[in-house]
Chemist: 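A single structure is presented below for examination.
Lettering follows sequence order; numbering is per chain, from 1.
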There are 2 protein chains.
Amino acid sequence: MDAATEARVPQKLTDKGRATRARILEHAAELIYAKGVHATNNEVLRRAAGVSGSQLNHYFPTKESLVLAVIEWQAERVLTFHRSERFTQFDSLDSLREWAGFYIAYERSYQEGCTLGSLASEIIKTDLDVRTELANAFEQWRDIFRDGLERMQRLGRISTEADPTQLAYLLLSAFQGGMLLAQVARDIAPLKDALRAAIDHVQTFAMPAAVGVLDPFRH
Amino acid sequence: MDAATEARVPQKLTDKGRATRARILEHAAELIYAKGVHATNNEVLRRAAGVSGSQLNHYFPTKESLVLAVIEWQAERVLTFHRSERFTQFDSLDSLREWAGFYIAYERSYQEGCTLGSLASEIIKTDLDVRTELANAFEQWRDIFRDGLERMQRLGRISTEADPTQLAYLLLSAFQGGMLLAQVARDIAPLKDALRAAIDHVQTFAMPAAVGVLDPFRH
DNA sequence: ATGGTTGTGGGCTGTCAAGCCCAATTTGGG
DNA sequence: CCCAAATTGGGCTTGACAGCCCACAACCAT
């Protein structure tokens, strides 16, 4: 898989070629996020990226290779974002609330949904062979939360009785499901409530010492 | 919208016609659930339902009208299922666990996802005008949970401090998100953990009197 | 400078699905 | 029994998109 999409990039392309490929990829990601995979056809992408038809065939021989590259690009983006300093590796309840606050304030949450989840849902039933790549990305995403929760346990911020895997899946599921409901309703409320409740649940495992600090945020 | 899909059914069709239309609809719903909207084309549906091409045009003039009818059909199904005796209007924590148990045991959860959520995700970004119908269905679904939670409050089973709307969105989001993650991973674990944690959160609002009865099920 | 390699441009074709039409058959009321 | 409306069958056309090809231009190493 990587051989068809990644391995070629660093070796055979010059700076200009790589820039062109990156431009196509970014426009493809944006178009797919805004309009969906199906609506992102050859001509639309060509006009958006300012390239000609054969370039798409050159850098992305098939649509499947393009979609796969977009998945990798979006996965890279969302994982990098979650690993950024801003969330301090999710080592506190505050960082979780900061995270939720970002997506609740983000306009496109209830317009286009999750950059990875929407894409996954749209194509998971098609014959495009991208499931493994998506599964990998979601596993890493879960691990970010799980690692954070385990760190909270080691720091004595939440009880060791909490199940980090289970809570990580709750956070990620509430996020994905809330995004879908918000998108369908064109209203951020479902996402806001789901994330709020999910993080409140993590907070029920907060240790007595930490509760004193964090309690003002409860309701 | 109803005028194009529903209003015609009870008036102008005979028994045989209605049976044919129902057969097309059921096969369309099954095919769309299993293979997706895009893969469910004219010919495949014609062969599956054992009807000829012009019948599709007769009962469902456009693909949009077919998809809309399938959405209504699936919404009806899932809402009826949730309103069935089995879950006693979700008036207890046990009924929530019974509900989660059903989908965790259901083979197709991690193969095809949610009958309504998968469909919604697949087509929400296309030009098909089905968003309102979907939003309506999800609102009713949320209301089933919310009404149940409010009933639990009136029965003194959970605290009046709980926010039924928020908890309803948590349950529905955890379900939808968990379904997506399970489908992508081809593993029921994400759904199981997300639902488990979501219901555990509802349980944190259980009233002292009720806790004595329900505590054996905690962990 | 020059030839070969790499990148670029636009046009072309095969495929596939949606929507439509006309002819044949069946049904149901009078 | 007959007529009109409803239902059925299969084929056909149009439109859209993915993948491909050939001619041209730019770059770079020798």
Chemist: Any idea which of D:dG10, C:dT8, C:dC20 is nearest the A:Thr20 side chain?
Modeler: C:dT8
Chemist: From CZ of A:Arg46 over to C1' of C:dG10, roughly how many Å is that when rounded to an integer?
Modeler: 7 Å
Chemist: Think B:Tyr59 has a side-chain N or O under 4.0 angstrom from the OP1 or OP2 of D:dT8?
Modeler: yes
Chemist: If you only use heavy atoms from C-beta on, which nucleotide in D:dA18, D:dT8, C:dG10 is closest to the side chain of A:Lys63?
Modeler: D:dA18
Chemist: Take atom NE2 in A:His82; do more than 12 heavy atoms of anything else shown fall under 6.0 Å from it?
Modeler: yes
Chemist: Could you tell me whether the phosphate oxygens of D:dG9, OP1 or OP2, come under 4.0 Å of any side-chain nitrogen or oxygen in B:Gln55?
Modeler: yes
Chemist: For the pair made of CD1 in B:Ile24 and C1' in D:dG9, what is the distance, rounded to whole Å?
Modeler: 13 Å
Chemist: I'd like to know if the side chain of B:Lys63 reaches the main chain of B:Val37, judged simply by a donor and an acceptor atom lying under 3.5 Å from each other, with no hydrogens or angles considered.
Modeler: yes
Chemist: Quick one: on DNA chain C, does A:Val51 or B:Thr62 contact a more 5' nucleotide (nearest heavy atom)?
Modeler: A:Val51
Chemist: Rounded to whole angstrom units, what separation is found between the CZ atom of B:Arg18 and the P atom of D:dT8?
Modeler: 13 Å
Chemist: Between the base of C:dG10 and the side chain of A:Ser54, is there a donor and acceptor pair under 3.5 angstrom?
Modeler: yes
Chemist: What is the separation between atom CG on A:Leu45 and atom C1' on C:dG10, rounded to the nearest whole Å?
Modeler: 16 Å
Chemist: Whole Å only: how far is the CG atom of A:Leu56 from the P atom of D:dC21?
Modeler: 16 Å
Chemist: Let me confirm one number: the CG-CD1 distance from B:Leu167 to B:Ile158, rounded to the nearest 0.5 Å.
Modeler: 6.5 Å
Chemist: Which is true for B:Asn41 with a 4.0 Å heavy-atom rule: it touches a base, it touches only sugar-phosphate, or it touches nothing?
Modeler: sugar-phosphate
Chemist: Using OP1 and OP2 only, check whether a side-chain N or O of A:Asn57 sits under 4.0 Å from D:dG19.
Modeler: no
Chemist: In whole Å, I'd like the distance from the CG atom of A:Leu66 to the P atom of D:dA18.
Modeler: 10 Å
Chemist: Fit a plane to each ring of B:His201 and A:His201, take the angle between them on a 0 to 90° scale, and name the class: parallel (under 30°), tilted (30 to 60°) or perpendicular (over 60°).
Modeler: perpendicular
Chemist: Select one nucleotide: of D:dT7, C:dG7, C:dC20, the one nearest the side-chain heavy atoms of A:His58.
Modeler: C:dG7
Chemist: Grab the CD-P distance between B:Glu43 and D:dC12 for me, whole Å please.
Modeler: 15 Å
Chemist: Do any N or O atoms from the side chain of A:Gln55 and from the backbone of A:Ser52 form a donor-acceptor pair under 3.5 angstrom?
Modeler: yes
Chemist: Report the nucleotide, chosen from D:dG19, C:dT8, C:dC20, that has the shortest atom-to-atom distance to any side-chain atom of A:Asn42.
Modeler: D:dG19
Chemist: Rounded to whole Å, please give me the gap between CZ in A:Arg21 and C1' in C:dT6.
Modeler: 16 Å
Chemist: Counting only side-chain heavy atoms from C-beta out, which of C:dG9, D:dG9, C:dG19 sits nearest to B:Ser52?
Modeler: D:dG9
